[in-house]
Undergrad: 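Please find one structure pasted underneath; my questions will follow.
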Amino acid sequence: MKLLTILLACFLISTGIYAENGHNLWLRAKSSVPVEVTCAKKSPTIDIAINELKNGWQGKTGQTIELKVIKDKLLKEDGFRLSKDGIQATTDAGLLYGAYEMLRRQYTGQEIRNELINPDYNLRMLNHWDNLNGSVERGYAGRSIFWHGIDSLQVTSGDLKLWKEYARTNASVGINGTVLNNVNASPSVLTTPVLERAKAVADELRPYGIKTYLAVNFASPEVIGGLETADPLDPEVKAWWNEKVKEIYDLIPDFGGFLVKANSEGQPGPQNFGRTHADGANMMAEALEPYNGIVMWRAFVYDPSDEDRAKQAYNEFMPLDGQFHDNVIIQVKNGPIDFQPREPFSPLFGAMKKTTVMPELQITMEYLGQSVHLVFLGTMWEEFLKSETWQEGAGSTVARCTDGSIFNQKYSAIAGVANIGLDDNWCGHDFAQANWYAFGRQAWDHSISSAQIAEEWIKLTFGPDSFNDKEITPEIEWNLAFVEPVKNMMLESREATVNYMMPLGLHHIFSAHAHYGPGPWWAPPGMRKDWTPPYYHQADSLGIGFDRTAAGSNAISQYHEPLATQLSNVNVCPESLLLWFHHLPWDYQMKNGRSLWDEMCYRYDAGVKQVRNFQQVWDRTERFVDPERFAAVQHKLTEQSMNALEWKDACLLYFQQFSKLPIPYELERPMHTMDELLKRDRQRVRASQ
Ligand code: GCW
């Protein structure tokens, strides 16, 4: 059977009927064997589950699988009981998730046994930063899949097809909510024609168990409602939101709720009217409450004051703990600054004990090489979710502080900023698909290892049907010569990027606002200091790093003991975060005996070498991958390798002006001059303006 599939794939490729473009993600069509699937209940969701099992079954030929809706107190809403003969759940969505789990196990060679499987988070959400005009903020995979312009709101058959594929893909990894538009929200989102299009999306997503949410602009009552104010305590404003919410629920009866970016980076918010975040969030929460809707209120706030940016969200939100309604969730980015290649966790996790807090991760790689670099984020998120906060003693990991197992909370949730666009392969880079996959898997099961996720994804995405060489014996050769090396490359990729971009806790040293290339020097006259790299690296003749100890900004005091003491002590602080928390002399001695300067040079150099090694790993896989995806990834790795070298040279040559020390002679010499790098940077900045 496998041989037949391979032959068919080769035939289709050689005849040009089927050129692989990655559009099928991890849901590639598989040849299946007959299976009988029964269910006493009928619904659109159950129909999908039945069809998925019939179309993809790889188990015993002719077996009967029973799907059953049961009552079971141990099962959460989306959870299910799995066995060899069937799936049981309390909801239709639970049966669908069970079906996808069963198929995933069959395709990836994992055992199916009697098991009860519940999701760790109830709400597993994507946030799209999609604008109504079709552009995507920090999107690197083409234009929006939802919006094509305020004058193109008519729904086409192409839209419906794509939204259905999108829904199916999300359901296959357990994602059950999506915010259709940018947090920098246009007030027009709440106008009736736009809401009607949102309804069309919601109708496609619903059978797949996915709820629709919208990001809203706090000033909407003024801008589109014609009111004189958007003051959350004003009765007319409240009435306006109540009316608007009613209109939405008339169109979308299972609407999920609002996501709000308020008083952040110039967005309007309750503070414009002398009110607090709690006043603003609660006003919206009251409007949504009768329909079981929620408000996700973002804590991404900072202003250009003298206070360390890393401290500001905590300073602003901690005093409000306990003031939010129970259908408000505070959405907090994983780190205290902004989706850097490495950050410590935000100190708000676990600290807000009387408020529901949800993590926001960034799947789109704004700060990690966008859709050019191959970076698997599963490892980064695993590190974050398993971080120990100590807030309620040992074991209070970020994951447990947010999943409802420590704090009594009505909802538990996690969000990922999507990396999806109209590109054929959805995500720009074939390997960026793995981050969409990983987000879904970790949102469902926050203790799953990133190694398992990577392995599953590889097996599902590059199955034997995509072999370029039909002589391959799948089971043995494929695992050893493809799955293992590619998995190891993925698992190493994030650390490689940290090495060639910002090792040892350095952060935010990008040039300009594109957040792509190196720019440790970037500080145009008049620019807000907290938007320039020198603010973050603080390099001078004495040393480098941001002093966040008591002698500096004291951001460390926002962490719980014993963590705060550990981070303060330079001998105990993890070296991976050293320069995040400490300003240290260039000759500071590292644990391996090297000076800080030498260690920095070694790390940058190691990062470059790691990417060169990824190029070799990938080139060796040619026999196993269809020519299209092989070439696409190969091409991107070449660019990544050139970029890594540029990062290394730029950072070392720039910081060397302060350290005045030689790059260790055993390391490769820079391949660029500082003048060349500055010129290239100026060209890039100009091109992006
Ligand atoms: O990471 C920064 C981005 C902005 C983004 C903002 C936010 C949507 O550079 O593009 O705006 O964060 O998260 O609100």
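In each ligand, atom 1 is the first atom listed, and ligand 1 is the first ligand listed.
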Undergrad: My understanding is that only one of Trp522, Tyr367, Tyr516 makes a ring-ring contact (aromatic ring centres under 6.0 Å, His included) with Phe510; could you say which?
TA: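 Of the listed options, the one satisfying the test is Tyr367.
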
Undergrad: May I have all residue pairs that pass ring pair (Phe, Tyr, Trp, His ring centres under 6.0 Å) and include part of residues 174-201, sequence neighbours excluded?
TA: none

Undergrad: Among residues at least two apart in sequence or on other chains, which ones pass ring pair (Phe, Tyr, Trp, His ring centres under 6.0 Å) with Tyr500?
TA: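 His373.
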
Undergrad: Only counting residues at least two apart or in another chain, list the ones meeting ring pair (Phe, Tyr, Trp, His ring centres under 6.0 Å) with Trp521.
TA: none

Undergrad: Which value, rounded to the nearest 0.5 Å, describes the distance between Gln312 atom CD and Asp303 atom CG?
TA: 4.5 Å

Undergrad: Compile the protein residues with any heavy atom at a distance under 4.0 Å from an atom of ligand 1; present them by chain, then by number.
TA: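 Residues Trp129, Glu137, Arg138, Asn182, Val183, Asn184, Lys261, Glu265, Arg298, Phe300, Lys333, Asp338, Glu366, Tyr367, His515 each place a heavy atom under 4.0 Å from ligand 1, listed by chain and number.
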
Undergrad: For atom NZ of Lys354, is the number of surrounding heavy atoms from other residues, nucleotides or ligands below 6.0 Å larger than 12?
TA: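 Open.
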
